[in-house]
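Encoded as structure tokens, the structure appears first; notes follow it.
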Amino acid sequence: MTIANVIVDVPASSINQTFDYRIPERFQDVLEPGMRVIVPFGPRRVMGYVMGKASTSDYDKLKEIADVLDLVPVLTDELIDLGKWLAEKTLSLYIIAFQAMLPQVLKANYKKELERLSEAPLPDQLETLFAGRDFVPYEELESAGIHYHQVQKAIQDGDVSVHYLVKSKVTKRHVTYIKPSRDIHLLEEAYQDLSNRAKKQKELLAHFIEQPEEIALNTLLKHFGTTRSTVNALVEKQLLEIVKKEQYRNPYNDAAFEQTTALELTEQQEQSIEPIRQDIRMDHHDVFLIHGVTGSGKTEIYLQAIQDVIAKGQEAIVLVPEISLTPQMVRRFKGRFGSSVAVMHSALSNGEKYDEWRRIHQKEVQVVVGARSAVFAPFENLGIIIIDEEHENSYKQEDQPRYHARDVAIQRGKTHHCPVVLGSATPALESYARAQKGVYQLASLTKRTNDKAMPHVDIVDMRSELHAGNRSMFSRDLKNKLEQCINRGEQAVLLLNRRGYSTFVMCRECGHVNECPHCDIALTFHKNSNQLKCHYCSYEELVPTRCPSCNSDLIRFFGTGTQRIEEALTQLIPQARVLRMDVDTTRRKGAHEKLLNQFANKEADILLGTQMIAKGLDFENVTLVGVLTADSMLHLPDFRSAEKTFQLLTQVSGRAGRHDLPGEVIVQTYTPEHYSIELASQYDYLQFYQNEMQMRKKFQYPPYVFLALITVSHQNHATVVQTTQKIVKGLWSHVQEEGTVILGPTPSPITRVKDRYRYQCMVKYKQEPNLRASIHQIIRQFDDQVRKDDLQITVDMQPYQLI
DNA sequence: AGCACGCCGACT
DNA sequence: GTCGGCGTGCTC
């Protein structure tokens with residue numbers, strides 16, 4: 001086995017295969033599949049992942065592996081298979097799939113530098129560049145404006161050479177420890193020999209004679225009130241030695257979490273957990289869907305199932321939506337399992353993510369709680385995978401590889417023969433349909449653990465408010481309830497459902513709307529900078545004082561941003577202390593947590609925010625929840641809009657009255673009769689499911705069909721249309737089944753982004769076993785144009801949102 | 001992707 | 001001549 005099959009870090013479809021390399025003698029014993037290596041590739045060097053080893057190769061001009069980056073494989077055998085599966089399922093490149101499975105810092109950094117090889121005089125410019133140095137970073141060439149030709153000559157003459165460097169981004173944090181380097185009795189001898197003037201040194205030695213264990217330098221210095229020089233003196237005398245130890249950054253202080261023990265389960269909880277426990281005992285794979293109302297104790301089921309898994313010596317992955325990875329959630333897991341829990345989410349720094357990943361990799365933890373990508377945690381003995389709030393769309397990755405964490409979890413569950421548990425108060429229609437068909441095992445938790453009724457929901461018809469002359473964003477009912485709530489010393493949460501509802505600028509005279517010059521979308525008004533910004537390409541301009549079209553000064557802001565609501569609210573109820581939570585106020589690290597803490601400490605009466613406040617928050621003093629615009633996303637061109645509205649309303653209602661105080665919910669809408677709003681107010685998931693399934697059947701949408709979405713983009717409008725047309729034609733000639741439909745070419749909902757036109761076509765199918773292969777074959781025909789003409793083609797095998 | 005190579009037009 | 005721009009093909 002002297003040959004390695006390597007996937008190289010070159011994201012191009014023509015490179016999407018393994019390349020063979022000879023394994024030099026010195027790496028024979030250490031190199032294993034799953035390790036990262038540096039290999040020569042053409043004139044440069046690149047990073048690669050070893051997929052396997054072989055004793056022969058078809059290729060006869062093999063090069064050698066230049067270096068091995070890992071001591072232990074970063075990809076287990078299972079993850080290598082999973083990566084291949086992922087790439088094929090999502091029509092992505094292998095390298096893209098593998099990179100997605102590992103923390104950022106394991107990606108390579110590439111650098112070029114020039115080395116001076118001889119003393120021979122170089123052209124003047126080069127001579128000044130080197131200025132006595134032997135190595136020069138390549139970027140300096142460009143900034144010095146030196147032409148490539150002069151260098152080329154020097155290279156040909158053998159005076160200069162180019163090095164291609166591959167650097168790992170890994171940064172480990174080290175802590176210095178001190179320990180005795182000799183036997184205790186030798187230390188004692190040395191202690192006698194030490195001059196009496198060396199008081200501090202004697203003290204230190206005495207300490208190590210008493211306690212020879214290694215100790216952190218910092219602690220030592222602090223304890224003895226001395227400095228590094230004392231230690232150095234002893235090190236020089238070879239009595240003590242310095243040990244550098246790798247230290248993990250621990251973003252959470254484990255000791256700070258109050259330990260909890262298993263709660264007694266209700267009858268419903270018992271019934272739900274028993275089949276899961278059985279799977280755990282029997283090493284059996286099933287997918288369970290726990291449909292449990294808010295407050296029915298799903299988390300306790302997760303915790304106790306994990307307990308079983310740990311007791312069996314196995315590991316657990318818990319996925320939670322990005323947004324609800326609140327301290328509250330972390331506390332529940334750390335509280336139960338203490339330091340055996342790793343946490344992975346986007347708010348961690350790259351270094352912190354890497355450290356958490358390593359704790360998993362080195363088997364220091366048994367549980368990982370994390371967002372989507374935690375589904376790739378490098379456990380080798382998985383006993384359960386849990387996906388909380390399984391309907392959340394943050395489980396779908398929206399760039400390559402476009403995977404759904406649920407699919408990956410089930411794939412891993414199959415290989416590990418372990419259960420996958422999906423939990424939600426409002427399961428995705430696909431999931432519930434599968435449970436109905438018996439593909440998943442369904443468990444329903446209809447009762448809340450505290451036996452409290454769900455808060456009452458009042459629907460306010462905003463049209464009659466308008467007729468009654470109330471033109472504000474707040475219905476009279478909501479205003480009254482807010483005032484009462486504050487007067488009682490309780491708190492309220494106000495949700496502005498902002499999707500598709502941003503603040504834009506319009507001229508009242510001629511109706512002109514300021515749009516982005518690069519994208520087909522209205523610019524969004526940002527008050528604090530007095531700017532108009534494009535949310536797709538980050539173009540920005542100052543707010544005009546006069547209409548660019550008709551020069552009128554009657555320019556007004558439309559739509560409803562949280563900022564405007566906040567202003568209106570403080571006018572309406574001046575005594576209210578309002579806390580605003582949206583992308584603007586939570587951008588800074590830790591801001592999210594800080595705001596929530598302020599609210600928990602009752603420093604504000606009203607928490608006003610977007611989607612992000614709907615999930616997972618649990619404040620005991622909140623008794624009123626108001627939804628300002630329940631239907632704002634109902635009319636978006638997305639087949640899931642009713643489902644999303646239902647989910648959001650159900651979820652946000654669950655925020656009220658979770659504890660002793662009774663809660664109340666007010667939902668403002670212009671379409672009170674819509675079934676998603678009406679049924680959400682009655683907490684009737686089953687009825688909603690049936691209604692919505694009828695709609696999906698009628699319009700042929702998932703779960704009745706599968707979707708594949710192909711999007712084409714290019715600067716030239718005609719090119720896009722023609723290419724999409726060709727793809728549609730190609731697809732028609734490949735599809736096999738009767739019922740398969742291909743829609744398009746259609747302009748994408750936002751037809752132009754960053755000066756590129758976007759068209760799409762969609763395949764709706766029930767059974768098309770060769771579709772993936774066909775799509776692959778069709779788009780490969782455009783490889784040349786993709787490379788040379790900046791054409792882009794993306795495929796999404798299960799688009800989650802069409803906008 | 002990134003790089004070299006080679007062909008072609010333009011310019012000191 | 002020779003500099004530099006761009007199209008083409010290759011990478012174990």
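Chain letters run A, B, ... following the sequence lines, proteins first, then strands; residues in each count from 1.
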Applying salt bridge (Lys or Arg N to Asp or Glu O under 4.0 Å), can you list everything that pairs with A:E127, at least two apart in sequence or on another chain?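 A:E127: salt bridge (Lys or Arg N to Asp or Glu O under 4.0 Å) contacts with A:R116.
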Rounded to the Å, how far apart are [X] [atom1] and [N] [atom2]?
| X | N | atom1 | atom2 | answer |
| --- | --- | --- | --- | --- |
| A:Y110 | B:dA1 | OH | P | 14 Å |
| A:I95 | B:dG2 | CD1 | C1' | 15 Å |
| A:Q17 | C:dC10 | CD | C1' | 11 Å |
| A:Q792 | B:dA1 | CD | P | 10 Å |
| A:M47 | B:dA1 | CE | P | 17 Å |

Could I get the full list of side chain to side chain contact (heavy atoms under 4.5 Å, CB included) partners for [X], not counting sequence neighbours?
| X | result |
| --- | --- |
| A:T90 | A:L86, A:S92, A:P401, A:Y403 |
| A:A87 | A:Y94, A:A97 |
| A:V741 | A:L743, A:K764 |
| A:Q777 | A:H734 |

Could you pull out all residues at least two apart from A:Y164 that satisfy ring pair (Phe, Tyr, Trp, His ring centres under 6.0 Å)?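 Scan of A:Y164 (ring pair (Phe, Tyr, Trp, His ring centres under 6.0 Å), adjacent residues dropped) gives none.
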My understanding is that only residues two or more places apart in sequence, or in another chain, count here; which of them pass ring pair (Phe, Tyr, Trp, His ring centres under 6.0 Å) with A:Y757?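 So A:Y757 forms a ring pair (Phe, Tyr, Trp, His ring centres under 6.0 Å) with A:H717.
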Assign A:F41 to base, sugar-phosphate, or nothing according to its heavy-atom contacts below 4.0 angstrom with the strands shown. base
Heavy atoms under 4.0 Å, any strand shown: does A:T18 hit a base, just sugar-phosphate, or nothing? nothing
Residue-level proximity of residues 51-63 of chain A to DNA chain C when a heavy atom falls under 4.0 Å: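 Correct list: A:Y59, A:K61, A:L62, A:K63.
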Below 4.0 angstrom, which residues in residues 2-13 of chain A have at least one non-hydrogen atom near DNA chain C?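 Within this stretch, nothing sits under 4.0 Å of the strand.
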Do [Y] and [X] meet the salt-bridge criterion of a basic N to acidic O distance under 4.0 Å?
| X | Y | result |
| --- | --- | --- |
| A:R372 | A:E398 | no |
| A:E315 | A:K363 | no |
| A:R640 | A:E430 | yes |

Review item, nucleotides 5-7 of chain C N/O atoms under 3.5 Å of protein N/O:
none

Residue pairs passing the salt bridge (Lys or Arg N to Asp or Glu O under 4.0 Å) test where at least one lies in residues 79-92 of chain A, sequence neighbours excluded: none
Can you tell me which residue among A:Q400, A:Q760, A:K396 is in a side-chain hydrogen bond (donor to acceptor under 3.5 Å, both in side chains) with A:D796? A:K396
N/O to N/O distances under 3.5 Å, protein versus nucleotides 3-5 of chain B:
residue : atom : partner : partner atom : Å
B:dA4   : OP2  : A:Y148  : OH           : 3.4

Could you tell me whether the side chain of A:D789 and the main chain of A:L791 form a donor-acceptor pair under 3.5 Å?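 No: the side chain of A:D789 does not pair with the backbone of A:L791.
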